[in-house]
Amino acid sequence: WSYDYYEELIGTETEYLPSYLLDVDQKMSRLEVAVALCSLADIELAESVSSDPFPDFSKDDKYVECVQALKNKNVLQGYTDGNLKPTATVNRIEALKMIFKTFGVAGGELFGDSLISFYGFEVPFPDIDESQWYAPFVYKAFSENIVKGFNDGLFRPTDPVTNSQFVKIVVLTERLN
């Protein structure tokens with residue numbers, strides 16, 4: 001199902017397509033998502049990084065310019081302990097939020113009944129709580145046909161995002177611009 005999205009992505013002008021994206025069922029880490037976004041969205045990298053962007057990510061680490069640029073754009077944020085956790089697996093909702101923020105797609109700040117009223121429908125995913133921080137991103141993505149969920153009717157927001165899911169969301173989000 002992901003072939004057409006990969007074909008479209010490879011057909012775009014990208015300076016560097018991370019080879020790990022070609023392993024379609026592989027789960028992605030936070031650092032892999034960051035590097036892919038910097039490449040695919042042509043993010044202007046930080047020219048110099050004088051201090052550690054996160055307690056667990058040094059100014060001397062590989063890809064620090066990318067991490068700092070995404071932190072500056074508020075795409076990457078630390079967890080409650082301030083750490084990036086670069087090797088942590090990214091779930092589907094985290095990936096959706098990071099992609100939307102990278103490409104300047106607003107998720108919105110509406111929740112609950114206000115969110116439902118704004119869109120005029122409820123997303124058909126029983127595992128999405130309209131009062132949670134991620135709900136505006138899911139509603140926006142669903143309304144733009146970026147996400148459809150699984151055959152069982154679930155969205156599975158906490159499942160790890162796979163490379164192919166990531167590529168699909170990136171390609172469909174780029175089409176909005």
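We use all heavy atoms of the structure for the numbers below, so side chains are in, but hydrogens, waters and symmetry mates are not.
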Checking Lys97 against Tyr134: charged group under 6.0 Å from the ring centre and within 45 degrees of the axis?
no

Crowding at CD, Glu144 (>12 non-hydrogen neighbours, <6.0 Å):
yes

Partners passing side chain to side chain contact (heavy atoms under 4.5 Å, CB included) against Pro86 (at least two apart in sequence or in another chain):
Leu31, Asp56, Phe57, Leu84

Phe155 with Phe111, same ILVMFWY side-chain cluster at under 4.5 Å
no

Students often mix this up, so state it plainly: with edges at 30° and 60°, are the rings of Tyr119 and Phe121 parallel, tilted or perpendicular?
tilted

Distance under 6.0 Å and angle within 45° of ring axis: Lys140 vs Phe100:
no

Using a 4.5 Å cut-off on heavy atoms from C-beta on, say whether the side chain of Val90 contacts that of Ser29.
no

Applying side chain to side chain contact (heavy atoms under 4.5 Å, CB included), name anything that partners Ser114, two or more places apart in sequence or on another chain.
Leu110

In this structure, is the centre-to-centre distance between the rings of Phe125 and Phe142 below 6.0 Å?
yes

Test side chain to side chain contact (heavy atoms under 4.5 Å, CB included), reference Asp159, set Lys27, Gln165, Arg92, output is Arg92

Would the distance check show the side chain of Asp81 and the main-chain N or O of Asn83 forming a donor-acceptor pair, the cut-off being under 3.5 Å?
yes

Is the backbone of Val24 close enough, under 3.5 Å, to the side chain of Ser164 for a donor and an acceptor to pair up by distance?
yes

Residue among Val49, Leu45, Asp52 satisfying side chain to side chain contact (heavy atoms under 4.5 Å, CB included) with Val64:
Val49

So, Arg175 and Glu8, do they make that salt bridge, N to O below 4.0 Å?
yes

Is Asp127 reaching over with its side chain to a backbone N or O of Arg156, donor-acceptor style, under 3.5 angstrom?
yes

Exercise: do Glu174 and Asn177 side chains pair donor with acceptor under 3.5 Å
no

